[in-house]
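These notes are about the structure you will find just below.
First the proteins, then the strands, lettered A, B, ... as listed; each starts at 1. Given the structure is predicted, the values throughout are model-derived calculations rather than measurements.
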Amino acid sequence: MLRVHNDLTRRLEPFAPANPPEVTMYACGVTVYDACHLGHARAYVAWDIVRRYLEHVGYEVRHVQNFTDIDDKIILRAAERGEEPAELTRRWEAAYFADMDRLGILRATDYPRATEYVAAMLRFIEGLMAKGHAYAVPDGSVYFDVASFPDYGRLSGRSAEDLGQRTRLDEPDPNKRGPADFALWKAAKPGEPSWTSPWGEGRPGWHLECSAMAAELLGKTLDLHVGGIDLLFPHHENEVAQSEALHDAPFVTCWLHNGFVNIDAEKMSKSLGNFRTVRELLEVHDPMAVRYFLLQTHYRQDLSFTEEALEGATRALVRLRRSLAAREAALAPSTPLVEALGAKVARAFAEAMDEDFNTPRALAALWDARAEIAGLEDADAEAAGHAVAEVRRLAAVLGLDLAAGDAGGGDWPVVAAEAAARLRDVPDHGLAAADQPEAQLAHWLEARRAARIARDFARADAMRGHLTGAGFVLADRKDGSVEVTHAEAQAWAWVWAPEGVPLA
RNA sequence: GGCGGCAUAGCCAAGUGGUAAGGCAGAGCUCUGCAAAAGCUCCAUUCCCCAGUUCGAAUCUGGGUGCCGCCUCCA
């Protein structure tokens, strides 16, 4: 049975959607004005795992994630660049998808844009005003009246007094009746994009879009609402207030929040300037390795980013893949032991994931299975491939493709192609230069093979030394083929196979 | 000031009462012409500190210390 940590109750509780097998899940999306960094990747990988696991255990998830495509930062950035806000936001939406697709994040059911739901938001505000929960001020803005909603603060654990105390430190906004009141509708300043409303030209407040779009697309009460812990207050608190004030129904049954990515013990964020974009990370690292890295930490915990840890995750992924690949072809009729092994890993995996999506433990279950598969003997070893398939199937629930990236696949990374090209400049071995990196490397490997057959190991090792100097790592295999990797190309491998008789 | 979180081996990180998962790094070995890869073995008597509860605590309670986050945009 799946149990989840509900931030509304601050407890682990059974997952109980209102209308199973359907699950409604709303994820707070990004403001599309800049590149995604590892922190964003962390959040969306976490929710991708939640979605995948729910589907794995039989739920049908309606997953909605918004794009905030109108706000102060967008307006400012578009003005700086001299382009329309819509051009800017469409560009960053595309960049968002490019990054997240590479990380293997499943597409949501819907990606509503705030600017396309302004009419729904205006109806929302009018409803709140009719019920006395909102008020307009002279400049044309509309605020939510927090005092009219006694339950305010339940999600974030803040009392009215807490909020009052803070305001002594800040300059009070003369427009607001109460210190915690927040804008539902912001009056437009000259030159800003705006929509017509009963209160004049303006644009929706940030908190409102999630409430309005969630209600439009998923209904008044959501099974799951997810987002970063930084959104807990005030964003999610305000969403609850608006939605429940209007609908007189619980807004969200279960809230999930993910922890931060820390770098040097500090939150990774735009404003601190200590972020690593997904795009730049993927220039060097296998997307699956980045995903694996993120899954090593439970989603609610802060995650420490270090290059060392990311590289460690990459090596772990490569070893897990290779270890399994070594047994994948063993598909003789299965045996009781192999069947039991498959069932055991599936059980351990489910136990881990059922405990609030404990991906570190789920990964450990996969590693335990790897060791058992490697230790199989005789008839069981002949059938090991069936257990490998089971491990890969479970890994896929985490969005990890353990079959990919192994020998033979993938384009040549730039570093490897450049290294191969440099081999042409080594004046030795009487080899013809070749244009393609594959052909260039194949010349060397063929010559080295000839030397090895002639048992001229000094020459063969000298050739390997040159290749090693260029960054290539050779792995001789029993059949005479050579697996080639490159020290700077994470998780990349290329296999050269000789024509003719294999090495004796 | 208010609210909340975290402190586990060189690094990342599970573990909420029963005697420290997993990965990376490191060491040894097997295999190999030699390597690499793969495989096997080893690697925290101890969980920030001090009291307490308990037959028993990394886990519960109290008190410290340190770090981080939210309260303004933020995944």
pair_partner(B/G10), Watson-Crick or wobble, both distances < 3.5 Å, evaluates to B/C24

Using the P atoms only, state how far B/A20 lies from B/U45, rounded to an integer number of Å.
-> 11 Å

Scan A/Lys270 against the nucleic acid and name what it touches under 4.0 Å (heavy atoms): base, sugar-phosphate only, or nothing.
-> nothing

Protein proximity profile, nucleotides 35-41 of chain B - base contact B, sugar-phosphate-only contact S, no contact -, cut-off 4.0 Å on heavy atoms = BBSSSS-

Find the distance A/Asp368:CG to B/G23:P and express it as a whole number of Å.
-> 7 Å

What integer number of Å spans the C1' atoms of B/A58 and B/C50?
-> 16 Å

Within residues 290-298 of chain A: residues closer than 4.0 Å to RNA chain B (heavy atoms) = A/Gln296, A/Thr297, A/His298

Searching all strands shown, indicate the nucleotide that pairs with B/A38 (Watson-Crick or G-U wobble; both distances under 3.5 Å).
-> B/U30

In plain terms, say whether A/Glu192 and A/Arg203 are close enough for a salt bridge, that is, a side-chain N and a carboxylate O under 4.0 Å apart.
-> yes

Heavy-atom check, side chain of A/Tyr53 versus side chain of A/Asp354, under 4.5 Å = yes

Rounded to the nearest Å, what distance is computed from the NE2 atom of residue A/His207 to the P atom of nucleotide B/C70?
-> 15 Å

Taking everything shown except A/Arg107 itself, do over 12 heavy atoms lie less than 6.0 Å from its CZ?
-> yes

So, A/Thr109 side chain and A/His63 main chain: donor-acceptor pair closer than 3.5 Å or not?
-> yes

For A/Asp230 and B/C3, what is the distance between atoms CG and C1' respectively, to the nearest whole Å?
-> 15 Å

Mapping A/His40 and A/Trp367 to their closest nucleotides on RNA chain B, which lands nearer the 5' end?
-> A/Trp367

Pair A/Gln242-A/His207, side-chain contact (heavy atoms from CB on, under 4.5 Å): steps then yes or no = CA-CA 9 Å; A/Gln242 294 163 340; A/His207 310 300; 3.7 Å; yes

Side chain to side chain donor-acceptor pair (under 3.5 Å): which pairs involve residues 302-313 of chain A, sequence neighbours left out?
-> A/Arg276-A/Glu307

Counting side-chain heavy atoms from C-beta on, which of B/A75, B/C67, B/C12 comes nearest to A/Phe260?
-> B/A75

Under 4.0 Å between a Lys/Arg side-chain N and an Asp/Glu carboxylate O for A/Arg448 and A/Asp476?
-> yes

Over how many whole Å does the gap from A/Arg154 atom CZ to B/G4 atom C1' extend?
-> 18 Å

Please say whether more than 12 non-hydrogen atoms of neighbouring residues, nucleotides or ligands are located less than 6.0 Å from CG in A/Asp151.
-> yes

Roughly how far apart, to the nearest Å, are B/A44 and B/A9 at atom C1'?
-> 5 Å

Mind checking the P distance from B/U61 to B/U16? Whole angstroms is fine.
-> 14 Å

Rounded P spacing from B/A36 to B/G18 in Å | 43 Å

Between B/C24 and B/A14, how far is it from one C1' atom to the other, in whole Å?
-> 15 Å

Protein-nucleotide distance (A/Leu155, atom CG; B/G4, atom P), rounded to Å = 13 Å

Where the side chain of A/Phe233 is concerned, which of B/A21, B/C71, B/A75 is the nearest nucleotide?
-> B/C71

Provide the distance between the two P atoms, one in B/U59 and one in B/C6, to the nearest whole Å.
-> 13 Å

Atom CZ of A/Arg459 and atom C1' of B/G33: how far apart are they, to the nearest Å?
-> 17 Å

In residues 95-112 of chain A, which ones come under 4.0 Å of RNA chain B, going by heavy atoms?
-> none

Can you list the residues that meet the salt bridge (Lys or Arg N to Asp or Glu O under 4.0 Å) rule with A/Arg77, with sequence neighbours excluded?
-> A/Asp34, A/Glu80

pair_partner(B/A75), Watson-Crick or wobble, both distances < 3.5 Å, evaluates to none

Sugar-phosphate, base or nothing in reach of A/Tyr44, heavy atoms under 4.0 Å = sugar-phosphate

CZ of A/Arg91: more than 12 outside heavy atoms within 6.0 angstrom?
-> yes

Which listed nucleotide (B/A75, B/G22, B/C12) is nearest to the side chain of A/Ser304?
-> B/C12

Flag the pair A/Trp185 / A/Pro204 as yes when at least one side-chain heavy-atom distance between them is below 4.5 Å, and no otherwise.
-> yes

A/Val261 near the nucleic acid: base, sugar-phosphate alone, or nothing, with a heavy-atom cut-off under 4.0 Å?
-> base

Are A/Ser481 and A/Arg477 linked by a side-chain donor-acceptor pair shorter than 3.5 Å?
-> yes

Mind checking A/Gly227 for me? I need base, sugar-phosphate or nothing, with any heavy atom below 4.0 Å counting as a touch.
-> sugar-phosphate

In terms of side-chain heavy atoms, does A/Tyr96 have a donor or acceptor partner in A/Gln65 at a distance below 3.5 Å?
-> yes

Stacking of A/Phe457 on B/G33 base (centres under 5.5 Å, planes under 30°) = yes

Strand partner of B/G62, provided both Watson-Crick or wobble distances fall under 3.5 Å | B/C50

What is the pairing partner of B/C43, taking Watson-Crick or G-U wobble pairs with both distances under 3.5 Å in any strand?
-> none

Does CZ belonging to A/Arg11 count more than 12 external heavy atoms closer than 6.0 Å?
-> no

Nearest whole angstrom, please: distance from the C1' of B/U72 to the CG of A/Leu231.
-> 13 Å

With distance as the sole criterion, do the side chain of A/Asp461 and the base of B/G33 form a donor-acceptor contact below 3.5 Å?
-> yes

A/Phe305 CZ to B/C24 C1', straight-line distance once rounded to whole Å = 15 Å

Provide the Watson-Crick or G-U wobble partner of B/C67, both distances under 3.5 Å; none if there is no partner.
-> B/G5

Who pairs with B/U16 - Watson-Crick or G-U, where each distance is under 3.5 Å | none

Identify which nucleotide among B/C11, B/C68, B/A14 has an atom closest to any side-chain atom of A/Asn358, counting heavy atoms from C-beta outward.
-> B/A14

Evaluate the ring planes of A/His257 and A/Trp255, with Trp represented by its six-membered ring, and classify them as parallel (under 30°), tilted (30 to 60°) or perpendicular (over 60°).
-> parallel

Salt-bridge criterion met for A/Arg464 and A/Asp461 (N-O under 4.0 Å) = yes

When you check the phosphate oxygens OP1 and OP2 of B/A75, does a side-chain N or O of A/Lys267 lie under 4.0 Å from one of them?
-> no

Between B/G22 and B/G15 - P atom distance, rounded Å | 14 Å

Can the ring centroids of A/Phe251 and A/Tyr26 be said to lie less than 6.0 angstrom from one another?
-> no

With heavy atoms under 4.0 Å as the rule, sort A/Thr468 into base, sugar-phosphate or nothing.
-> nothing

Atom NZ of A/Lys344: over 12 foreign heavy atoms under 6.0 Å = no

Hey, which of these two, A/Arg300 or A/Thr31, hits RNA chain B nearer its 5' end, going by closest nucleotide?
-> A/Arg300

Nucleotide of B/A13, B/C70, B/C6 approaching A/Gln301 most closely (side-chain heavy atoms) | B/C6

Interface polar pairs with nucleotides 57-62 of chain B, N/O, under 3.5 angstrom:
none

